[in-house]
Undergrad: 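Take this structure, written in structure tokens, and hold onto it; I'll ask about it next.
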Amino acid sequence: MPIDPNRIATDIEEIARFSEHADGDGPESSAVLGYSRPTFSTPWRAARDYVIAEAEGAGAEARTDAAGNVHIRHRSVGWERRVWLSGSHIDSVPSGGKYDGVMGVVVPLEIIRAFPEAPLELVVFAEEEGTTFNLGMLGSRLWAGHQDPEVLGRLRNRHGQTAAEAGLPHGLDPDRLRAAYGDAAGGGGGDWTVRLDPDRYVGMIEVHAEQGLSLWDSGKAIAAVDRINGRRQFEITLTGQANHAGSTGMPGRRDALAGAAEIVAACESLGRELDRELRHTVMTVGRLQVAPGAVNVIPGRVEMSVDFRAQEEELLDRGETRLREIVTGVARRRGLSVGIERSERVAPSPLAPEVVSALVDAAAARGRTLPVIPSGALHDAAMIAGAVPTAMVFVASRDGISHNPDEFSRVEDIAAAAELVADVVRSGS
Ligand SMILES: [Zn+2]
């Protein structure tokens with residue numbers, strides 16, 4: 001039974017129905033408001049259960065690991081065999097689209113239905129977007145051992161629940177994760193339901209929407225991804241002096257927002273400069289909080305975020321040094337006190353050349369030339385890449401739009417990705 005685009009389309013539409021906006025408002029509401037599935041929420045669980053039920057209907061079996069990730073294998077494959085891993089996430093950003101993450105789950109689901117004997121394990125990672133608990137790729141981080149599980153007691157969702165509390169009914173087990181963390185020698189005592197065991201996998205392929213323009217603009221359906229940008233994020237606090245906007249003259253002001261504005265502009269210039277040195281380098285100030293935030297008060301305090309991504313660690317090091325110089329220089333000149341804290345550091349992930357070649361060769365065998373491109377965005381695959389030979393397949397995103405209800409990919413392109421993954425997975429069996 002070959003890959004069936006209609007089944008893939010049905011899966012995507014069915015999963016889209018599980019959304020916080022869908023409650024009794026009719027289908028139009030999601031088309032306008034988008035699709036919202038925060039991790040460990042009711043719609044998230046319903047989407048997860050849909051995937052499990054579909055797989056079980058095809059003769060597969062599901063298990064949950066201590067990080068709340070779901071693993072699915074066909075019974076004819078069993079849990080002992082060394083297989084390929086493929087999967088992504090079903091949580092969404094608030095008011096997101098139907099395809100981000102979801103296509104990377106329904107592709108291996110369709111492969112299990114079409115080729116039950118394929119040596120494949122489907123994984124649904126818990127919490128990728130980072131919008132539920134403010135930490136991206138939480139499920140894959142924990143399983144891969146890249147995250148101290150202690151954080152689960154501190155991260156909270158918008159209802160005030162900690163990740164540990166919210167995840168409990170869905171298989172998250174902080175105690176088992178804690179027992180394994182820091183145990184470099186096969187943390188988890190070889191128990192794959194606590195810690196990723198690389199010996200169990202031939203490789204990992206994550207299918208994902210490109211979320212950029214390069215494929216759509218060039219009329220290509222799919223591409224192999226050979227590299228994922230590293231990311232560093234910073235929280236910067238500038239403190240000046242709040243004062244009366246009318247009676248305080250311009251000389252001697254210590255305006256925190258005017259300082260922040262200089263830093264925003266300098267970050268943009270620095271990002272452009274570094275991008276000229278190495279393509280796909282980006283720097284973004286995405287959040288500014290101004291206090292007291294009144295029309296007639298000089299801003300006394302600003303908190304701002306910086307997100308910085310590049311393909312090389314050395315460039316990230318240099319960019320971070322420059323960023324710190326910019327921030328301290330502006331603060332010194334303006335008499336502001338400054339705090340700069342690096343809140344995240346994920347190294348660039350070169351993906352496995354042998355998996356990329358296997359994808360390129362499989363495409364060639366189908367008469368298709370597969371472009372090879374890097375990923376600017378982070379994905380679960382980046383967490384697995386250090387332990388298991390990993391690559392990604394990108395599917396064209398219409399107009400490059402994502403994290404938006406208008407997000408769209410052609411189902412025939414997703415099916416082409418599924419055929420490619422199926423070819424690679426089945427080639428060695
Ligand atoms: Zn995603």
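Just so you know, residue 1 is the first one in the sequence shown, and it goes up from there. Remember, it's 1-based here, ligands and their atoms both numbered in the order they're listed. Quick caveat, the model's predicted, so the values are computed rather than measured.
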Undergrad: I'd like to check the ring pair (Phe, Tyr, Trp, His ring centres under 6.0 Å) partners of H208; sequence neighbours left out, ordered by chain and number.
TA: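 Partners of H208 by the ring pair (Phe, Tyr, Trp, His ring centres under 6.0 Å) criterion, ordered by chain and then number, come out as H89, H379.
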Undergrad: Heavy-atom distance under 4.5 Å between the side chains of P119 and V425, does that happen here?
TA: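 A side-chain contact exists here, since the closest heavy-atom pair is under 4.5 Å.
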Undergrad: For E277 and T281, run side-chain hydrogen bond (donor to acceptor under 3.5 Å, both in side chains): C-alpha distance rounded to whole Å, both residues' side-chain angles, the deciding distance at 0.1 Å, then the answer.
TA: CA-CA 9 Å; E277 218 178 296; T281 302; over 6 Å; no
Undergrad: So V70 and V51, side chain to side chain contact (heavy atoms under 4.5 Å, CB included) or not? Walk me through it.
TA: CA-CA 10 Å; V70 173; V51 174; over 6 Å; no
Undergrad: Any side-chain donor paired with an acceptor under 3.5 Å for E61 and W79?
TA: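 There is such a pair between these side chains.
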Undergrad: Protein N/O/S atoms under 2.8 Å of the Zn ion (ligand 1)?
TA: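 Correct list: H89 NE2, D100 OD1, H208 NE2.
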Undergrad: Are E206 and S88 close enough that a side-chain donor and a side-chain acceptor fall under 3.5 Å?
TA: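 Result is yes, a qualifying pair exists.
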